[in-house]
Amino acid sequence: MQTYTNEQLKRLREIELKMAEYFVSFCNEHHLMCYFCGGGCIGAIRHKGFIPWDDDLDFFMPRKSYEKLQSLWLKYANHQYAICKPSRTYHDHNQFITIRDRNTTMIKPYQSDLDIVHGVNLDIFPLDGYPDSKVKRYIQMLWSCIYSLFCTEQIPQKHGYGLKLVSYIGLNLFRSKNIRYRIWHFAEKQMSKYPIKDCSYITELCAGPKYMKKRYPKKIFSSAVFMDFENTKMPLPIGYDQYLKIAFGNYMELPPLKERIPQHDVSMIDLEHSFTIYRGIYFCTKNT
């Protein structure tokens, strides 16, 4: 694993911010709703920019906009930025859309066996309606777990032995890529079948078990407000304070010193050259 130098972290943030500006501009042009989430949202409020030790930016999109994004991106977006979305023929061990810079290299350990665009990325998470019925909500979460398992093909390591064991059994029972796709594609339809317009609350289903339990009042995400972020402005949910308190608690309080480090492991990072020169060296090494 590599750790970032100060120069690399600074350059990485420059690239991420440029990508974020392009992404927001594209969404505005095509009437798609998006807003910062997670660390980007906290950074905008607490630091007026990046959290000092943060190394990425993420966005939320309501499901309706999220589902329109790929087709519009493939048709109109700058070729430098690839859009990667799980499908029958594509998987990258993620369960959400990523936007990747083809002119850079950021190879992550869990993706080093894949022949994909290994560039600096933005993660794009869908927001879905949260059904009022407790039974429907329980079933929605169950479908979300099934979707996550068969879409990512990764056994969760931090959510208890029981979930780890069930996941291991599930992946070993269904080894066929085609069958796995059919399972997660069906599960995705089931978990996202509650339109936001018909629900009082919203939830996030693709960010892991911890966050799929969150229940946000719909009004929080009814529109976006642009806030200062570094030398530009970025969209936040209109109810950003309530969102952040529900998701993170006292988000204005700094975490302990030991937690103030970048959270993502990388096998190789080269912010000035395309990942393509590292094929067979740092990724897809078994094919050489």
Side-chain angles (χ1 to χ4, degrees), residues 4 9 12-13 16-17 19-20 23-24 33-63 65-66 94-98 108 121-130 137 140-141 144-145 148 152 156-160 163 191 196 199-230 232-265:
Y4 305 121
L9 187 56
L12 175 58
R13 288 174 177 164
E16 289 268 357
L17 187 56
M19 293 177 68
F23 176 74
V24 171
M33 182 72 75
C34 70
Y35 356 68
F36 262 170
C37 63
C41 194
I42 293 175
I45 302 304
R46 197 170 68 195
H47 305 277
K48 305 301 180 185
F50 284 96
I51 294 175
W53 52 90
D54 206 2
D55 60 351
D56 73 342
L57 294 173
D58 304 325
F59 285 88
F60 276 149
M61 295 187 82
R63 177 67 68 170
S65 289
Y66 181 87
N94 287 324
Q95 55 178 317
F96 44 80
I97 289 175
T98 56
K108 299 178 181 180
N121 65 280
L122 302 175
D123 293 343
I124 316 297
F125 297 97
L127 289 171
D128 289 288
Y130 181 113
R137 175 58 182 157
Q140 182 188 47
M141 290 179 63
S144 300
C145 290
S148 175
T152 65
Q157 300 296 323
K158 300 179 181 179
H159 301 286
L163 184 58
M191 75 185 200
I196 290 175
C199 300
S200 301
Y201 294 90
I202 285 176
T203 189
E204 46 182 313
L205 299 173
C206 296
K210 176 181 177 181
Y211 292 102
M212 70 171 63
K213 297 177 182 178
K214 303 296 183 181
R215 185 180 74 160
Y216 306 115
K218 183 167 60 175
K219 64 181 181 180
I220 290 176
F221 299 100
S222 60
S223 62
V225 57
F226 279 76
M227 305 288 286
D228 290 336
F229 190 89
E230 300 295 338
T232 187
K233 292 182 180 290
M234 284 285 122
L236 274 62
I238 187 70
Y240 59 83
D241 180 64
Q242 192 174 4
Y243 153 62
L244 290 173
K245 285 178 179 176
I246 294 172
F248 303 104
N250 183 9
Y251 64 91
M252 294 299 289
E253 181 179 344
L254 294 175
L257 279 173
K258 64 180 181 179
E259 296 179 15
R260 300 180 199 179
I261 56 174
Q263 297 297 312
H264 301 91
D265 293 330

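Numbering of residues begins at 1 and proceeds along the displayed sequence.
When every heavy atom of Ile196 is checked against every heavy atom of Gly129, the shortest pair comes out as CG1-N, 3.6 Å. Asp55 and Pro262 make their closest contact through OD2-CB, 3.6 Å (heavy atoms, listed as atom of the first residue, atom of the second, distance). Among all heavy-atom pairs drawn from Ser144 and Leu205, the shortest one is OG-CD2, 3.4 Å. Across Gly208 and Gln95, no two heavy atoms sit closer than the pair N-NE2, 4.3 Å. The minimum heavy-atom distance between Glu16 and Leu122, with the atom names listed, is OE1-CD2, 3.2 Å. For the residue pair Pro235 and Val24, the shortest heavy atom distance occurs at CD-CG2, 3.7 Å.
Using modelled atom types, one side-chain atom of Tyr66 and one backbone atom of Ile97 make a donor-acceptor pair closer than 3.5 Å. Of the possible polar contacts, none joining the Thr203 side chain to the Arg215 backbone as a donor-acceptor pair under 3.5 Å is found. For Arg13 (side chain) and Asp54 (main-chain N/O), a donor-acceptor pair under 3.5 Å exists by modelled atom type. Of the possible polar contacts, none joining the Tyr240 side chain to the Ile42 backbone as a donor-acceptor pair under 3.5 Å is found. Looking only at distances, a side-chain donor or acceptor of Gln140 sits under 3.5 Å from a matching main-chain atom of Met191.
By the 4.5 Å heavy-atom criterion applied to side chains, Lys219 and Gln242 are counted as neighbours. At a threshold of 4.5 Å between non-hydrogen side-chain atoms, the residues Lys218 and Ser200 do not count as touching. Within the 4.5 Å cutoff, the side chain of Pro52 has heavy atoms near those of the His47 side chain. Two residues are said to be in side-chain contact when any heavy atoms from C-beta on lie closer than 4.5 Å; Trp53 and Pro255 meet this criterion. Counting heavy atoms from C-beta on, the side chains of Arg46 and Leu254 come closer than 4.5 Å. Met252 is not listed as a side-chain neighbour of Leu244, based on a closest heavy-atom distance of 4.5 Å or more. Side-chain contact between Cys34 and Ser65 is absent, with no heavy atoms from C-beta onward closer than 4.5 Å. Using a 4.5 Å cut-off on side-chain heavy atoms (C-beta onward), Ile220 and Ile202 make no contact.
Once rounded to the nearest 0.5 Å, the distance linking OH of Tyr243 with CG of Leu236 reads 9.0 Å. The distance from atom OG of Ser148 to atom CE of Met141, rounded to the nearest 0.5 Å, is 12.0 Å. Rounding to the nearest 0.5 Å gives a distance of 8.0 Å between NZ of Lys233 and CE of Met227. Rounded to the nearest 0.5 angstrom, Ser223 OG and Ile238 CD1 are separated by 4.0 Å. Separation of atoms CD (Glu204) and CG (Asp128) is listed at 10.5 Å; rounding is to 0.5 Å. If you take CG on Asp56 and CD1 on Ile51, they are separated by 9.5 Å, rounding to the nearest 0.5 Å.
For Phe36 and Phe229, the ring centers sit closer than 6.0 Å to each other.
Ring geometry for Phe59 against Phe23 counts as tilted: the plane angle lies between 30° and 60°, on a 0 to 90° scale. The aromatic rings of Phe60 and Phe221 sit perpendicular, their planes meeting at an angle over 60°, well past the 30° parallel limit.
More than 12 heavy atoms of other residues, nucleotides or ligands lie within 6.0 Å of OH in Tyr35, so this atom counts as buried by the packing criterion.
The side-chain hydrogen bond (donor to acceptor under 3.5 Å, both in side chains) check on Asp241 picks up Lys245, Tyr251, with sequence neighbours excluded.
Between the side chains of Lys108 and Asn121, at least one donor-acceptor pair of N or O atoms lies under 3.5 Å.
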